[in-house]
Amino acid sequence: MSIEQFLSVDRLARLPQSVARPAYDRDAVTSGIFHFGPGAFHRVHQSWYVDDLLATDPRWAITAASLQTSAVRDALQPQGNLYTVAVLDEHISFRVIGALREILVAPEDVGAVLRRLAAPETHIVTITVTEKGYCLGGAGDLDTARAEIQQDLATPRSPVSLIGFLVEGLRLRRTAGLRPFTMLSCDNLVDNGVKLARAVGQFAREIDPELARWIGEEGRCPRTMVDSITPFTDDALRDRVAAALGCRDRWPVQRESFVQWVIEDSFADEVPDWAAVGVTVTDDVPAYDRTKLRLLNGAHSALAYLGSLAGFSTVSQAMADRTLSAFVEKLMRVEIMPSIRAPRGLDLGAYAASLLKRFRNPTMQHALAQIAWDGSQKLPIRILGTIADNLQAGRPIERLCLPVAAWLHFVRRNALDGGKLADPMAGTLLDLGRRMQGDARHDLPAFLALDELFPATLARDAQFTTALARGYDELGVGGVADRGTVHRACAALAH
Ligand code: CS2
């Protein structure tokens, strides 16, 4: 496409009428929210809600910081931090978001990040750094052996990790006589707020017990549940957005039309009128988060590994395969739904049906490879916990074990195909993968010994190891897993 102009503050007023844009004066807002990790999910989700908030309350714009690279800042700064969200469903719409006031790159300017965290107008810190960004060990405690945590414990005034920044920011606020900010984890962890509070508390205790006591008494880390399917940005999206705007956006983002944000009603300081922009504020977040993590994300990970082995590239392609989609539906209805206490008023059956419909959304190219990332971090949260609950309650687990077995084949395939895996445990996993022979008796024990993934009680449970071995061997009949073996294994369990 030959559009050469780029989105900018000046062009905002000249965009086509069909493109929605900030309904407030961007020069009149202040940053009440600090955000860590302005990736695509943040930009389609929290920033979108905040853009709505700013229409009536100018105090809640966002200052964001990337903890690693400058890519987002470099792309958006020339556009005055404006960017486009494409909402892809039967009806496709475009909206330019103005909620990001400033984007910092933490390694470039630690002082600037700390100054914003300690600013009196900052009341909330939101976080999307993915599961691994919390530096938690297998038991959910802060992993003090991690290099960045060790570094921050040694030099806490110039942090590099999320936890280090939060604790130093809180220390500065306490010294200045300010209230702590509310810390809002928006990542897909079970009880994300509880885990964040524990990690922050553990870190603070190591460096300053008095500070830890203050944070423990005054600080708040509400649990949250966040939801909106957000495929990575690709050239098709860039072109689609350019055609709609009449100018190019250096980094547009996309999502489905469904969007949900549930926040626990527990705040340390001032908060915006969340409810006014469609956020659910409730005491029942654990019910929402398990329902979503187990059903949506659990099914997503099942599709990612089984679908990849079967040679599909996207979620909607995998869902168009009758055997695979029948298996996923049974997995949800027979083995996941019985493990869930639904939030008050939610019909679980209808929720599961709506998820299957969202997975089939034909306007979205949601790459299975994107979901397959970080399996070692995601599987315990999305699937292994459900297996443990089902075992305890005497419910079946065969279907739940199949995606876990598929992940093992996925690791093996990646180890054999040149050795790449997007996973913080890639080194260990690929090493194991290279030694796998495709036979459960030989291959499984070394994986089951990874206690950060498989808690000892699970790894030693005969029902679990037998079902996992059966799934693994069925997927590997003939040497390697392929569409034929995936179909046979799924068909056998799609009842
Ligand atoms: C997906 C999630 O990439 C993944 O692992 O399962 O990002 C999923 O799309 C979101 O949680 C939906 O809210």
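Atoms within a ligand are numbered from 1 in the order they appear, just like the ligands themselves. Quick note: numbers below take in every heavy atom, side chains included, and nothing from hydrogens, waters or symmetry partners.
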Next item on the list: With heavy atoms of Ser228 as the reference, note each atom of ligand 1 found under 4.0 Å away.
Entry: 12 (C), 13 (O)

Next item on the list: Between Asn188, Thr130, Leu303, Ile229, flag the one that comes closest to atom 7 (O) of ligand 1 by a heavy atom.
Entry: Asn188

Next item on the list: Go through ligand 1 atom by atom and flag the ones less than 4.0 Å from a non-hydrogen atom of Ile371.
Entry: 3 (O), 4 (C), 5 (O), 6 (O)

Margin query: Side chain or backbone, does His366 bring an N or O within less than 3.5 Å of an N or O on ligand 1?
Written below: no

Check: Which protein heavy atom lies closest to atom 1 (C) of ligand 1, and at what distance to 0.1 Å?
Finding: His300 ND1, 3.4 Å

Margin query: Could you work out, with salt bridge (Lys or Arg N to Asp or Glu O under 4.0 Å) as the rule, every residue matching Asp51, not counting sequence neighbours?
Written below: Arg95

Notebook entry, point to check: Are the charged groups of Arg341 and Asp284 less than 4.0 angstrom apart, N to O?
Noted result: yes

Check: Less than 3.5 Å between some nitrogen or oxygen of Arg382 and one of ligand 1, yes or no?
Finding: yes

Checklist line | side chain to side chain contact (heavy atoms under 4.5 Å, CB included) evaluation trace for Arg412 with Tyr472 | finding: CA-CA 11 Å; Arg412 178 172 184 234; Tyr472 185 77; 4.1 Å; yes

Notebook entry, point to check: Asn390 side chain to Ser339 main-chain N or O, any donor-acceptor pair under 3.5 Å?
Noted result: no

Item checked: Location of contacts on Ser301 toward ligand 1, heavy atoms closer than 4.0 Å -> neither

Item checked: Under 3.5 Å donor-acceptor, Arg223 side chain and Asp289 backbone -> no

Next item on the list: Would you mind checking which non-hydrogen protein atom is closest to atom 2 (C) of ligand 1, with the distance to 0.1 Å?
Entry: Asn297 ND2, 3.5 Å

Check: Are the aromatic ring centres of Phe36 and His42 under 6.0 angstrom apart?
Finding: no

Margin query: With heavy-atom distances below 4.5 Å as the criterion, would you say the side chains of His300 and His366 are in contact?
Written below: yes

Margin query: Given 3.5 Å as the limit, does a donor-acceptor pair link the side chain of Thr128 with the main chain of Gly37, or not?
Written below: yes

Item checked: Closest protein heavy atom to atom 13 (O) of ligand 1, given as residue, atom name and distance to 0.1 Å -> Asp227 OD1, 2.5 Å

Next item on the list: Counting heavy atoms only, name the option from Lys292, Lys378, Arg358 that's nearest to atom 11 (O) of ligand 1.
Entry: Lys292

Checklist line | Contact check: Thr230 vs ligand 1, nitrogen or oxygen atoms, below 3.5 angstrom | finding: no

